[in-house]
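What follows is one structure encoded as structure tokens, with my remarks underneath.
Each chain gets a letter, A, B and so on, in the order its sequence line appears, and its residues count up from 1. Worth saying up front: this structure is predicted, and the values here are computed from it rather than measured. Below, each value reflects all heavy atoms present in this structure, side chains not excepted, and no hydrogens, waters or symmetry copies.
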Amino acid sequence: MAAVTYELIKTCKQTGARLGRVHTPHGSFETPIFMPVGTLATVKTMSPEDLKEMEARIILSNTYHLWLRPGHEIIREAGGLHKFMNWDRAILTDSGGFQVFSLSDMRKIEEEGVHFRSHLNGDKLFLSPEKAMEIQNALGPDIMMAFDECAPYPADHAYVKHSLERTTRWAERCLESHARPHDQALFAIVQGGMYEDLRKQSAMDLTSMDFPGYAIGGLSVGEPKHLMYEALDTTMPLLPTNKPRYLMGVGSPDALIEGAMRGVDMFDCVLPTRIARNGTTMTSQGRLVVRNAKYQRDFGPLDPNCSCYTCKNYSRAYLRHLIKSDETFGLRLTTYHNLHFLLNMMAQVREAIREDRLRDFRDEFFENYGMANNESGF
RNA sequence: GGAGGAUUAGCGAAGUGGCCAAACGCAUCAGACUGUAAAUCUGCUCCCAUUCGGGUUCGGUGGUUCGAAUCCAUCAUCCUCCA
């Protein structure tokens with residue numbers, strides 16, 4: 001019995017989007033779904049109770065960061081990540097592959113793994129497929145990610161090809177060294193940059209290995225949106241229909257909807273939480289920088305169409321004041337709202353799929369969001 | 001009444017003859033943020049101009065000088081000490 005299984009409930013007649021259900025050792029959830037990011041075993045400023053209140057079903061955490069601090073052995077001793085952070089719903093951990101990309105200053109990628117330096121103290125570190133599995137086995141998430149290389153954009157064809165082929169070999173090694181396949185699902189990550197042939201190659205090679213789920217990586221790394229959608233268009237049809245598909249690192253409202261329309265089941269992104277802490281919010285009427293002076297005397301809610309805790313109780317003027325004053329409560333309130341907004345939007349996407357009207361929903365949403373003719377999106 | 005010190009852009013504070021429209025910090029205003037090195041980062045803030053550039057500034061006034069935030073005189077205000 002696989003640790004994680006996918007059940008296709010129905011396909012939207014208007015778009016081909018999938019309504020599904022994913023079963024994990026820590027509960028089931030309907031897809032498409034958005035997963036809040038809690039890199040250091042906490043979704044910044046949110047308590048698990050907050051997350052449950054807004055109906056988050058699965059959150060992310062990070063192999064690299066928890067390896068460095070507090071250390072995966074400590075989390076194992078604590079009884080695993082779920083217990084350690086008091087979250088009894090599903091958890092997915094990223095493998096550290098993205099950190100190899102984002103902490104790219106000092107790194108050396110070899111066949112065996114990656115040498116790089118700790119961002120905390122400069123220690124020399126080495127991460128490999130086997131090490132990433134060892135750490136994730138200790139952390140104990142429901143879903144763990146294969147150790148991959150997220151190629152930068154732009155990157156030339158030869159580089160991306162070489163990189164993706166290595167990522168495939170690494171995926172194989174991950175599979176071999178994975179110690180807990182009975183209760184932890186290992187997802188592989190399709191790479192290939194913006195090259196159609198390479199996306200196909202990566203998808204074909206990885207799907208031949210029968211992972212319980214597939215992610216699409218290497219997108220939302222600075223490329224124009226239409227390239228991301230093209231990459232999805234070429235990749236999605238090659239992935240098995242009986243397994244979840246996870247688009248990594250995508251979180252702007254428009255991209256979530258566009259991704260769902262192309263058959264993506266899972267998304268994660270730091271965008272809602274990060275921009276919230278910097279004073280920007282997502283509303284049904286578009287992006288709203290509540291930090292701006294024009295909201296100084298605006299005593300209405302952030303989003304009049306929102307029923308979240310923040311919008312029910314606090315005004316734009318108050319949020320602006322808190323953010324301007326560096327009050328932690330302000331970070332909490334905007335974070336709460338942004339997460340609630342995306343979670344709620346995805347619930348509406350699922351309803352729209354159920355009723356075969358996702359395209360209508362998309363058009364209406366985009367119009368309200370003020371981006372009907374805006375390709376740059378968020 | 002006497003002696004000394006101070007006064008710089010919204011605030012604090014450098015600058016003591018040209019490289020000064022004036023460092024730096026804060027505040028302000030705006031922008032960025034997409035598998036989190038991020039409650040972070042970038043830019044703006046005398047006036048006009050999209051750029052080039054132009055015009056007015058360093059308590060007030062008057063002077064010295066080719067040239068003054070910087071030197072001199074004087075006035076104003078504040079602080080410290082002595083009577």
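Rounded to the nearest Å, the gap between the P atom of B:G1 and that of B:C72 is 26 Å. Taking atom P in both B:G10 and B:G2, one finds a spacing of 36 Å when rounded to whole Å. For the C1' atoms, the distance from B:A22 to B:G15 is 8 Å, rounded to whole Å. Comparing the C1' positions of B:U28 and B:U34 gives an interatomic distance of 29 Å, to the nearest angstrom. For the C1' atoms, the distance linking B:A69 with B:C29 amounts to 28 Å, nearest Å. For the P atom pair drawn from B:U56 and B:C47, the interatomic distance equals 16 Å after rounding to whole Å. Rounded to whole Å, the separation between the C1' atoms of B:C81 and B:C26 comes to 33 Å. Remark: the separation of the C1' atoms in B:U51 and B:U57 is 24 Å, to the nearest Å.
Residue A:R274 places at least one side-chain N or O closer than 4.0 Å to OP1 or OP2 of B:U34. The shortest distance between the side-chain N/O atoms of A:S220 and the OP1/OP2 oxygens of B:U34 is not below 4.0 Å. Using a 4.0 Å cut-off, some side-chain N or O of A:R287 falls inside it from OP1 or OP2 of B:A32.
Nearest nucleotide to the A:N278 side chain, out of B:U34, B:G31, B:A39: B:A39. Listed candidates were B:A37, B:U34, B:G35. Nearest to the side chain of A:K225 is B:U34. Of the candidates B:G35, B:U36, B:U34, the closest approach to any side-chain atom of A:H65 belongs to B:U36.
Below 30°, between 30° and 60°, or above 60°: for A:Y318 and A:F329 the angle between ring planes is above 60°, a perpendicular geometry.
Under the Watson-Crick or G-U wobble criterion, with both distances below 3.5 Å, B:A32 is paired with B:U40. Nucleotide B:U65 forms no Watson-Crick or G-U wobble pair with any nucleotide shown, as no partner meets the under 3.5 Å limit on both distances. Nucleotide B:A21 has no partner under the Watson-Crick or G-U criteria, as no pair reaches both atom distances under 3.5 Å. For B:A6, the paired nucleotide is B:U77, the pair qualifying as Watson-Crick or G-U wobble because both relevant distances are below 3.5 Å.
Under the 4.0 Å criterion applied to side-chain N and carboxylate O atoms, A:K83 and A:D88 are not assigned as salt-bridge partners. Under a 4.0 Å N-O distance rule, the pair A:D197/A:K200 does not qualify as a salt bridge.
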Taking it one step at a time, do A:Q99 and A:N62 satisfy side-chain hydrogen bond (donor to acceptor under 3.5 Å, both in side chains)? CA-CA 9 Å; A:Q99 278 60 48; A:N62 187 280; 3.0 Å; yes

Begin with the C-alpha distance, continue with both residues' side-chain angles, and end with the deciding distance and a verdict on side-chain hydrogen bond (donor to acceptor under 3.5 Å, both in side chains) for A:Q184 and A:H178. CA-CA 9 Å; A:Q184 291 186 274; A:H178 181 14; 5.1 Å; no

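At a threshold of 4.0 angstrom between heavy atoms, the contacts of A:G279 with the nucleic acid are absent. Residue contacts for A:D268: at a heavy-atom cut-off of 4.0 Å it reaches the sugar-phosphate backbone alone, with no base atom in range. Contact annotation for A:T273: base contact, defined as any heavy-atom pair under 4.0 Å involving a base atom. Using a 4.0 Å heavy-atom cutoff across all strands shown, A:T328 reaches at least one base atom of the nucleic acid. Using a 4.0 Å heavy-atom cutoff across all strands shown, A:Q99 reaches sugar-phosphate atoms only and no base atom. Nucleic acid contact class of A:L60 (heavy atoms, under 4.0 Å, all strands): sugar-phosphate only.
What separates CG of A:D94 from C1' of B:G35 is a distance of 4 Å, to the nearest Å. A straight line from CG of A:L288 to C1' of B:G31 spans 15 Å, rounded to a whole angstrom. Following rounding to the nearest Å, A:N121 (CG) and B:A37 (C1') show an atom-to-atom distance of 12 Å. Rounded to an integer number of Å, the gap from A:L333 CG to B:A39 C1' is 13 Å. Here B:A38 presents its C1' atom at 8 Å from NZ of A:K44, a figure rounded to the nearest Å. Look at CD1 on A:I59: it is 14 Å from C1' on B:U36, rounded to the nearest Å. Between A:R245 atom CZ and B:G35 atom C1' the separation is 19 Å, expressed in whole Å. In this structure, A:F98 atom CZ and B:C33 atom P are separated by 14 Å, rounded to whole Å.
A 6.0 Å sphere centred on CD of A:Q285 holds more than 12 heavy atoms belonging to other residues, nucleotides or ligands.
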Mind listing the N/O atom pairs, protein and nucleotides 25-29 of chain B, below 3.5 Å?
residue, atom, partner, partner atom, Å
B:C29, OP1, A:R320, NH2, 2.9
B:C29, OP2, A:K324, NZ, 2.5

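Using a distance-only test at 3.5 Å, with no hydrogens or angles considered, no donor-acceptor pair links the side chain of A:T15 to the main chain of A:L358. A donor-acceptor pair under 3.5 Å is formed between the side chain of A:W170 and the backbone N or O of A:E111.
The two atoms that bring A:F147 and A:A132 nearest to each other are CB-CB, 3.9 Å, heavy atoms only.
Scanning atom types as modelled, no donor and acceptor separated by under 3.5 angstrom connect the side chain of A:N62 and the base of B:G35.
Between A:K225 and A:S252, the side chains place a donor N or O and an acceptor N or O closer than 3.5 Å (distance only, hydrogens not considered).
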